[in-house]
Amino acid sequence: MKFRLSPGNLHKKIISGIILAGALVIGNPLSADAALGDRTLKQGMTHKDVKNLQIALKKTKHFTYPSYTTYYGTYTKAAVTKFQRHHKLKVTGVADQKTIALIKNKASKVKASTPAKPVKKLSSGKTFNSSIATELLGVRYRSGGVTPSSGFDCSGFVTYVMKQHGVSLPRTSSAMYGTGSQVASSTLRPGDLLFYDTNNNGRRDVSHVAIYIGSNRMIHSASKKVEYDSLSNSWWSKRYVGAKRVL
């Protein structure tokens with residue numbers, strides 16, 4: 001006996017197929033550019049659309065950071081700036097509605113490829129990934145801050161960066177100084193922690209921590225924002241206490 005679908009049941013089957021196909025497209029990370037909204041995005045913001053923006057810019061070969069985040073940092077701003085310059089838009093580094101519309105258009109025309117693998121969190125004994133720290137350049141200083149969206153104090157910045165490397169540290173700089181192994185200033189390598197006494201009380205108390213980034217420079221959350229400083233800077237060199245290796 002042959003069964004035939006009534007017009008009503010046939011219509012339901014077609015609608016179900018369309019819904020299923022749509023769900024598969026939405027669930028596919030390669031379609032993130034389609035999920036990207038028209039919200040204006042700029043440096044310092046944390047939003048799910050930032051990740052979709054990064055994925056779309058990866059497809060257009062403008063975003064080169066090895067993993068995706070929801071934070072609009074220096075790498076995302078640089079990617080947007082390159083895209084705007086490439087397509088003769090007003091170069092602002094801000095993903096406004098016009099920029100986003102063109103990014104979505106260009107990304108949708110790129111042949112689908114395997115999405116970039118996220119950077120694996122490193123464990124103790126592995127090489128320091130400086131990009132994790134430098135992506136946070138410009139994040140504002142905030143006492144007690146521990147995230148990019150809230151801002152960082154000095155130890156909050158260091159604990160956040162080292163957590164991405166699989167290393168858990170105490171919350172304060174003075175407590176951090178009790179961890180790891182002592183390192184001579186002549187044998188510093190990227191990822192070593194640098195400790196300073198900024199109290200000016202004559203007791204050589206540790207009150208500030210930074211990360212050695214290489215080339216005689218450190219990266220830290222100072223009085224205003226996450227920034228670089230030279231180890232030769234006289235203000236810092238006079239207050240240097242020591243260095244520890246935790247990776």
Side-chain angles (χ1 to χ4, degrees), residues 43-44 46 65-67 69 71 73-75 119-247:
Q43 188 172 11
T46 300
Y65 194 64
S67 63
T69 71
Y71 177 67
T74 54
Y75 279 86
V119 174
K120 292 182 179 179
K121 290 184 179 180
L122 308 177
S123 59
S124 182
K126 299 293 184 179
T127 304
F128 177 67
N129 184 347
S130 60
S131 295
I132 293 174
T134 57
E135 170 69 5
L136 300 168
L137 282 167
V139 172
R140 64 174 178 151
Y141 176 88
R142 181 180 179 185
S143 179
V146 294
T147 65
S149 57
S150 68
F152 291 115
D153 59 18
C154 68
S155 54
F157 171 70
V158 172
T159 54
Y160 181 89
V161 171
M162 289 303 165
K163 186 176 181 181
Q164 310 311 307
H165 290 78
V167 177
S168 295
L169 292 173
R171 177 63 183 87
T172 65
S173 57
S174 57
M176 283 183 202
Y177 191 58
T179 66
S181 56
Q182 194 78 34
V183 181
S185 57
S186 59
T187 59
L188 288 172
R189 70 185 188 198
D192 289 342
L193 305 186
L194 307 174
F195 295 91
Y196 296 87
D197 173 16
T198 58
N199 288 326
N200 296 320
N201 57 14
R203 294 203 302 261
R204 300 293 284 171
D205 297 330
V206 170
S207 54
H208 186 77
V209 61
I211 302 173
Y212 183 64
I213 204 76
S215 302
N216 201 45
R217 292 192 304 172
M218 62 181 175
I219 185 170
H220 60 159
S221 184
S223 59
K224 293 183 179 180
K225 61 184 178 180
V226 175
E227 61 186 6
Y228 293 123
D229 260 309
S230 170
L231 271 62
S232 301
N233 179 301
S234 60
W235 196 93
W236 289 107
S237 61
K238 289 177 183 178
R239 292 163 174 79
Y240 180 70
V241 175
K244 292 294 186 76
R245 184 163 294 159
V246 296
L247 286 175

Within this structure, what is the [atom1]-[atom2] distance for the pair [X] and [Y], rounded to the nearest 0.5 Å?
{"X": "His220", "Y": "Ile211", "atom1": "NE2", "atom2": "CD1", "answer": "10.5 Å"}
{"X": "Leu231", "Y": "Asn216", "atom1": "CG", "atom2": "CG", "answer": "5.0 Å"}
{"X": "Ser215", "Y": "Tyr228", "atom1": "OG", "atom2": "OH", "answer": "9.5 Å"}

| said: Assess the residue pair Gln43 and Thr74 against the criterion (side chain to side chain contact (heavy atoms under 4.5 Å, CB included)); give the C-alpha distance rounded to whole Å, side-chain angles, the decisive distance to 0.1 Å, and a yes or no. | reply: CA-CA 7 Å; Gln43 188 172 11; Thr74 54; 3.4 Å; yes
For residues [X] and [Y], determine if any side-chain heavy atom of one lies less than 4.5 Å from a side-chain heavy atom of the other.
{"X": "Arg217", "Y": "Asp229", "result": "no"}
{"X": "Leu136", "Y": "Val139", "result": "yes"}
{"X": "Phe128", "Y": "Ile213", "result": "yes"}
{"X": "Val206", "Y": "Asp197", "result": "no"}
{"X": "Trp236", "Y": "His208", "result": "yes"}
{"X": "Leu194", "Y": "Leu188", "result": "yes"}
{"X": "Tyr141", "Y": "Lys225", "result": "no"}
{"X": "Tyr212", "Y": "Leu193", "result": "no"}

Looking at [X] and [Y], what are the two nearest heavy atoms and their distance?
{"X": "Phe195", "Y": "Ala243", "value": "CD1-CA, 4.4 Å"}
{"X": "Thr46", "Y": "Ser149", "value": "OG1-CB, 3.5 Å"}
{"X": "Ser185", "Y": "Tyr240", "value": "CB-OH, 4.2 Å"}

| request: Given side chain to side chain contact (heavy atoms under 4.5 Å, CB included), test Lys244 with Val183 step by step and report yes or no. | output: CA-CA 5 Å; Lys244 292 294 186 76; Val183 181; 5.7 Å; no
| said: Please evaluate residues Ser155 and Met176 with respect to the criterion side chain to side chain contact (heavy atoms under 4.5 Å, CB included), reporting the C-alpha separation (whole Å), side-chain torsions for both, the decisive distance (0.1 Å), and the verdict. | reply: CA-CA 8 Å; Ser155 54; Met176 283 183 202; 3.6 Å; yes
| query | Does NZ or CZ of Arg239 fall inside the cone over Tyr196's six-membered ring, less than 6.0 Å from its centre and within 45° of the axis? | reply | no
| query | Under the side chain to side chain contact (heavy atoms under 4.5 Å, CB included) test, which residues partner Arg142, sequence neighbours left out? | reply | Arg140, Ser150
| request: Only one of Thr172, Leu169, Val209 passes side-chain contact (heavy atoms from CB on, under 4.5 Å) with Thr159; say which it is. | output: Leu169
| side-chain hydrogen bond (donor to acceptor under 3.5 Å, both in side chains) between Ser174 and Asp205, worked out | CA-CA 8 Å; Ser174 57; Asp205 297 330; over 6 Å; no
Hey, is the main chain of [Y] close enough, under 3.5 Å, to the side chain of [X] for a donor-acceptor pair?
{"X": "Glu135", "Y": "Tyr75", "value": "yes"}
{"X": "Ser207", "Y": "Thr198", "value": "yes"}
{"X": "Asn233", "Y": "Ser230", "value": "no"}

| message | Between Arg171 and Asp153, does any NZ, NE, NH1 or NH2 come within less than 4.0 Å of an OD or OE carboxylate oxygen? | response | yes
| said: Do the side chains of Arg245 and Asp192 get close enough for a salt bridge, i.e. N-O under 4.0 angstrom? | reply: yes
| said: One pair to check against side chain to side chain contact (heavy atoms under 4.5 Å, CB included): Val226 and Phe152. What are the steps and the verdict? | reply: CA-CA 8 Å; Val226 175; Phe152 291 115; 4.1 Å; yes
